[in-house]
Amino acid sequence: MQEPEITEELIEAHGIRPEEYAEILRILNRAPTFTELGIFSAMWNEHCSYKSSKKWLRTLPTDGPQVICGPGENAGVVDIGDGQAVVFKMESHNHPSYIEPYQGAATGVGGILRDVFTMGARPIAAMNALSFGEKDHPRTRTVVHGVVEGIGGYGNSFGVPTVGGEVRFHPAYNGNCLVNAFAAGLADTDKIFYSAASGVGRPVVYLGAKTGRDGVGGATMASAEFDEGIDEKRPTVQVGDPFTEKRLMEACLELMATGAVISIQDMGAAGLTCSAVEMGDKGGLGVRLDLDRVPVRETAMTAYEMMLSESQERMLMVLDPEKEDVARAVFDKWDLDFAVVGETIDEDRFLIMHGGEVKADLPLRALSGNAPEYDRPWEPCEPPAPLEDVPQVDPVDALRILATSPNYCSRAWVYEQYDSTVMADTENGPGWGAGLVRVHGTGKHLAFTCDVTPRYVRANPEMGGAQAVAEAWRNLCALGAKPLATTDNLNFGNPEKPEIMGQFVGALKGIGRACTALDMPIVSGNVSLYNETDGVPILPTPSIGAVGLIAEGEEPILGRARDGHVALMVGRQGSHLGQSALLYEVFNREDGDAPEVDLDEERRNGEFIRDNRDWIRACTDLSDGGLAMAAFEMAVASGTGVSIDSDDTATLFGEDQGRYLVACNFDAAEALMIAAGRAGVTLTTVGRFTGDDVKFGGSSAPLDELAHAWKGAFAEHFA
Amino acid sequence: MKAAVIVFPGSNADRDLKVAFENAGFSVDMVWHKDTDLPSGIDMIGIPGGFSFGDYLRCGAIAAQSPITRAVAAHAERGGYVFGVCNGFQVLTETGLLPGALLRNAGLKFICRTTPLRVERTGTPWTEAYGAGAEIDIPISHHDGNYTADADTLDRLEGEGRVAFRYLANPNGSARDIAGIVSGNGRILGMMPHPERAAENAHGNEDGARLFAHLPGALTAA
């Protein structure tokens, strides 16, 4: 088939800038072919090259004694002792999920699961951080239903428990939802698999589903000229097949156990192109691919289409040639396609053959090594508008508004559509604090959380970035887990606008500072930019996923409050109402600064919880909605009323950081007071768990009535 | 006591069932669906939860055609014990070892939550541990758990005391709140809820453990 001529329009349609094209000409000393242009566009787009964000990502802390593998591979790897590692990452699938919510979200889950089992780890937990537009926007309901069903449809069939997540609503996401999927897996530290190819003349093997035209070109598929060669336009959103993914995982893990796998890379964005270049580049080798051998499910596919297809559930491996038969038998068992599609070569070359012709012949190293990198101009964000007067509210009325709002009502409608109990290791599923699973067959437990408060980040990027990490730290500590490491999913608007770049730079400074102070290095992550519609950016949303460990012999804090328990608060009295849930939900205001994060205090208070777990019956961190919301949620989870000795708005709804609510009996409370004095931790009695009402000072309502409203609100808003 | 757990390519609760059987004292063989024979001396077959072949067609319909399914049917015809959980229940109805079918949940959504059940009868190894009328909490996790059968079949199941478990708060539209049924000889149980996910202290609920714990003794006595 005749490839189209390279024109200025075609170059632009591939998202390649004139100066980038000049660099391509310089590298090649000639004009690229159409297939080569496609390969460059795939490797040099924002998604694959991180060209706007690299400079700042390098400033993040990524190392620590617990880190086995930091960013750069499919997922981060962290030591959990006894020769075991937890392997995890979070990744966005924002644009596809807005266009086609079910498949967009489903393939987001598929992609992140593949990242984890590509490393040799069996996925053991998943989470999802979702940001949707406001409730009354015409598209929101469709997106909510489709995204939640898509996540469930994929994860439930695959068989990984979803143990946590976030759901938020804000008009800034009206035209651009966020779907950030997290997955974690378990592996033996001596059986981690990486993408770097090694050895010359070794078979490059294609595994999994067949290649179709889905996803070809993605965002770059726009020009009329290049439509002419394509028989039929396919939607650019891929379609997921969790059953194939499940078999692919089982087959990969089985094959890895035989020792046949030298290196492995999943085919995600830009499919065959990205995976082959990555394996060659990291291994210092070249790669020759013969596209006639690629399993296809459509006829007359061109080299261009095959190189850019984003068909799901595919893998590329370099195999030990002596074990090719073993490998073939494993894939036959699981009824998956298996084809030797090329080999590693001893030169810096990416050679693509199709129909006996050379379709691309590129220096492989330049594809990633010479990818553009930008130092985008940025300007510090304007300081937030000062907090105006906040009137005193009737605290129970305010709680009722919060507890029935889309943002703070029970998420059961969402998470009950996800299998949270498969694998029979879930100890704490979604709905109450961090997720917790036991490490199968051991006395260890792993805790998972994902957090960010985008209103804070917009008001004060650096403080908001730090706050996201601090809240993740607290959620892990509240379960008694020691925070180990972090993955970041950085969702922002258009980086070519200095004010958006300013948000990005500020947030990364805060994240980096907090991760360093709290020993939670970033081991993996993903950047999603250009989240704008009609020039309106999303709220800056750097989702922080974090993992914590409860070691053998330690107990998680999983208890519930009982009638008669004392309510204790760790940390300072509530005072900060700027950017609070109360302001937003009750007064429809978003003024004031983000709350101050004191990382020394965070560390001290978190360690206090972990060190004194034996005295603590139930524990939760204080976040959106402050003491009032935490006390209410603990009361609902425990099935007992609560009485807090204050009706002051800031005391109850202030969102000061570094705080926890603890329930325990009177004797334990005394012991905790003594321990707090020794540790320099502020601990105060704020009330009791008792009776059948929620009481704040003189204001009260029956717990049953509030709990009923809280539980039913999500369905009322969206079902 | 020896149990076999059947593994289809899309089974995802096979290990969960194995662990529950082992904790009750069974030794467990995992049997691949392409096998044609069961290991010798099997006392119990477990058909686990999951999405046996993706369940893009009717749930369990393709699994019912797998080579191993003939061996399972032969085991059942010899009076052997078979336990189908969730997708396993769907497979049992598709193979005809149990009557009826599991339709899409009435609310059209997947549901994962702990659900109260009433144990409807005694006299089977599956329910003996609880006693008739006992109320237990067991997690459900399914998209297609809406049990249906024609009125005559439902009447027959009721009349013969073959409804083993009934939902106390019907989550999925099941006819007559049916959560699990047994075969005519009481030796085959199919149920949508997952007792193996409420079988250890770590699950925060051990109501399902008794079902498994009771099996070895009941099978020896039988």
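Remember, predicted model here, so these are calculated numbers, not experimental data. Chain identifiers are assigned alphabetically (A, B, ...) following the order of the sequence lines, protein sequences preceding nucleic acid strands; residue numbering begins at 1 within each chain.
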Output, in order, the C-alpha distance, side-chain angles, deciding distance and verdict of side chain to side chain contact (heavy atoms under 4.5 Å, CB included) for A:Asp419 and B:His143. CA-CA 10 Å; A:Asp419 192 337; B:His143 202 296; over 6 Å; no
Structural part of A:Thr421 lying under 4.5 Å from a heavy atom of chain B: both
Non-hydrogen side-chain atoms of B:Phe110 and A:Glu149 separated by less than 4.5 Å: no
Applying salt bridge (charged side-chain N to carboxylate O under 4.0 Å, His left out) to A:Asp332 and B:Lys34, what does each step give before you reach the verdict? CA-CA 12 Å; A:Asp332 281 350; B:Lys34 287 180 185 172; over 6 Å; no
Would the number of heavy atoms belonging to other residues, nucleotides or ligands and lying under 6.0 Å from CZ of B:Arg166 be above 12? yes
For residues B:Lys109 and A:Trp413, determine if any side-chain heavy atom of one lies less than 4.5 Å from a side-chain heavy atom of the other. yes
Validation row: A:Val422, B:Arg197 side chains within 4.5 angstrom (heavy atoms): yes
Between B:Asn12 and A:Ser157, is there a donor-acceptor pair closer than 3.5 Å when you use the side chain of the first and the backbone of the second? yes
Heavy-atom neighbours of A:His708 NE2 exceed 12 at 6.0 Å: no
Where on A:His445 is there a heavy atom nearer than 4.5 Å to chain B: the side chain, the backbone, both, or neither? neither
If only atom types and distance count, is the side chain of B:Arg15 paired as donor or acceptor with the main-chain N or O of A:Met423 below 3.5 Å? yes
Could you check if a side-chain atom of A:Glu427 sits within less than 4.5 angstrom of a side-chain atom of B:Glu200, using non-hydrogen atoms only? no
Is the shortest side-chain heavy-atom distance between A:Tyr418 and B:Cys112 below 4.5 Å? no
Would you mind checking which part of A:Asn428 comes under 4.5 Å of any heavy atom in chain B, side chain (CB onward), backbone (N, CA, C, O), both or neither? neither
Would you please classify the geometry between the A:Phe243 ring and the B:Phe53 ring as parallel, tilted or perpendicular, with 30° and 60° separating the classes? tilted
Between B:His203 and A:Ala424 (side chain of the first, backbone of the second, donor and acceptor by atom type, cut-off under 3.5 Å), is there such a pair? yes
Among A:Thr426, A:Leu558, A:Asp241, residue most engaged with chain B (heavy-atom pairs, under 4.5 Å): A:Asp241
Does any heavy atom of chain B fall under 4.5 Å from the side chain of A:Glu250, the backbone, both, or neither of them? neither
